[in-house]
Structure formats: C-alpha cells, structure tokens
Amino acid sequence: MQKDKKFTLLYVEDEPLILENAILYLQDRFTKIYEAKNGKDALEIYHKQKPDIIITDIKMPKLNGLQLCKEIRKNDSNTPIIITTAFADQTYLLQAIELNLVKYLIKPILEESLNEALSESFNKINNREKSVVRLSKLHYFDSFNKTLFYESTLIKLSPLEMEFLTFLIAQKDRILSYKEIENYIWEGEHMSEDAIKTLVKNL
C-alpha cells in the first residue's frame, strides 16, 4: 500500500481493542491519527482538525457512523470516508451509497481490503489537489467535482453561475469579450448587458 506521510486520518471505533490494533497498523502511514470512540466526539475532531481521510464504524453511541457521515457531507463532499461494520445490512448499504463513500468494509476487515480502500483514498485526494484552483486565500474551486468552497464550507451556485465560473477559470489568462461569454453561456441566444452584469454581481 502507498505510504504517504503528508496525510492525516480520523479513526472512529467504539471497541477499544479494535481501535488500538488499527492505530498500531496504520500509524506509520500517516503524519497524525486522531482517535474517537463515538460519532459526537468524532464530529468535533473533524471540525477542529480537518483530517484528510476518515474511517468510521457504523454502530456507535451518541451518533452512529452514518449520522456522522451525513453531518460531514452537508458541507464536505470531498473528504474520503471509509465505513466499517460487522453487519452486511442492505439498509446500511443503500444509505452508504448516497453518502459518496470510498468503501464499505465488513468486519473482520481484511488487510488487503483496507489497503485497497486507503490507496483509493490517497488517489482521490491527489487527483483532487491537481484540479483545485485557488481564487483567494480562503476561496478555492474544485474543477473536477465542480464545487466552490470558502475554507471548508461549500458555496452553492446556480447552474448558470457554475458554468460561468468554470468558463472564467478555463480562460483565466486572457480577457473575454461580452460576445464570447454570450456565445458560451447563452449558446448563441441574445444576452443583454444587464444579464451579464447580474450574473457577475451574483457570482
């Protein structure tokens, strides 16, 4: 498995022995591993530390793994999350699919399966980093996932605003005429000067 010491990990598990063994196995592969024994503590650590990758169990006190993932996904669609569980429950599987997870691992977790999930997570982060465009110290645009962020908060754009921003970034080294914007965004339809001004103001 790829060993990339620049990444941090949040491991969430309420079984002390499983958590201890996991940390021992993974500690050489990350710069820092944060530990949590329930979803509530894990959510606090996530907001404070912003780990690069999250591995979480489902069945936990206070806040279960799926609830934890739902809270994270409200503003973060990018952080790779790996779910672990002792149950191959179809209901859990269906919910997990909706949460854009990297893997759903059944306990006892096989070393090969865990390594594969982590390698996929590393690749996802590396590919995302290549597609990220910094717009300011606090704003960045992920052209691969078509998402705009202020720090770690997702900024929702209308389809037209997203298309306009994507076009501007793709053409960032040159000046664009109204006609070019009109032809690209409105696809040849007439665009008033007020329309483009409104679009720019909203964006």
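All values reported here derive from a predicted model rather than from experimental measurement.
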Side-chain donor-acceptor contact under 3.5 Å, E71 with Y46: no
Spatial distance of atom CG (L165) from atom OG (S158) [nearest 0.5 Å]: 10.5 Å
Heavy-atom check, side chain of T79 versus side chain of D52, under 4.5 Å: no
Check: M162 main-chain N/O paired with T166 side-chain donor or acceptor under 3.5 Å: yes
L66 CG to L68 CG distance, which is reported to the nearest 0.5 Å: 9.0 Å
I54: which of L101, L10, D76 passes side chain to side chain contact (heavy atoms under 4.5 Å, CB included): L10
Any K70 side-chain heavy atom under 4.5 Å of K74 side chain: no
Note, V12 side chain near Y34 side chain (heavy atom, < 4.5 Å): no
side-chain contact (heavy atoms from CB on, under 4.5 Å) between R134 and F141, worked out: CA-CA 6 Å; R134 284 283 173 182; F141 181 69; over 6 Å; no
CD (E151) with more than 12 external heavy atoms under 6.0 Å: yes
Pairs where residues 156-183 contributes a residue and the test ring-ring contact (aromatic ring centres under 6.0 Å, His included) is met, not counting sequence neighbours: F167-Y184
S192: side-chain hydrogen bond (donor to acceptor under 3.5 Å, both in side chains) partners, not counting sequence neighbours: none
Joint hydrophobic cluster, L138 plus V133, side-chain heavy atoms closer than 4.5 Å: yes
Gap separating the CD atom of E44 from the CG atom of L63, nearest 0.5 angstrom: 10.5 Å
Check: S77 main-chain N/O paired with N100 side-chain donor or acceptor under 3.5 Å: yes
Nearest-0.5 Å distance that lies between atom NZ in K197 and atom CG in N202: 14.0 Å
Flag side-chain contact, heavy atom, 4.5 Å: L148 against L154: no
Ion pair check, R174 and E180, cut-off under 4.0 Å: yes
Hydrophobic cluster identity match, I53 and I18, side-chain contacts under 4.5 Å: no
P80 vs V102 side-chain heavy atoms within contact, under 4.5 Å: yes
For K107, all residues meeting side-chain hydrogen bond (donor to acceptor under 3.5 Å, both in side chains), sequence neighbours excluded: E13, D57
Hphob cluster co-occupancy, I82 + L110, side-chain heavy atoms under 4.5 angstrom: no
Within-4.5 Å side-chain heavy-atom neighbours: I55 and T84: yes
Short side-chain to backbone donor-acceptor contact, Q67 and N64, under 3.5 Å: yes
Gap between atom CG of L135 and atom CZ of F149 - 0.5 Å precision: 12.5 Å
Path from L17 to L26 over hydrophobic side-chain contacts below 4.5 Å: no
Flag for Y11-E35: side-chain donor and acceptor within less than 3.5 Å: no
Pair F122 and F7, ring centroids less than 6.0 Å apart: yes
Under 3.5 Å side-chain donor-acceptor pair for N38 and D41: yes
Spatial distance of atom CG (N183) from atom CD1 (I185) [nearest 0.5 Å]: 10.5 Å
Note, L176 side chain near L168 side chain (heavy atom, < 4.5 Å): yes
Audit row: I83, L105, side-chain contact (heavy atoms from CB on, under 4.5 Å) steps and yes/no: CA-CA 6 Å; I83 283 279; L105 302 178; over 6 Å; no
For the student: nearest non-hydrogen atoms of A36 and L19, plus distance: O-CD2, 4.4 Å
Minimum heavy-atom distance between M60 and G39, given as atom pair plus value: CE-N, 3.8 Å
Note: E120-K124 ion pair, threshold 4.0 Å (strictly below): no
T8 (side chain) donor-acceptor with K32 (main chain) under 3.5 angstrom: no
Minimum-distance pair of heavy atoms, taken over all atoms of K37 and D14: O-CB, 3.2 Å
Flag for T153-N75: side-chain donor and acceptor within less than 3.5 Å: no
CA sep, side-chain torsions, deciding dist, call: I125, N123, side-chain contact (heavy atoms from CB on, under 4.5 Å): CA-CA 5 Å; I125 295 171; N123 290 335; over 6 Å; no
Within-4.5 Å side-chain heavy-atom neighbours: Y104 and T85: yes
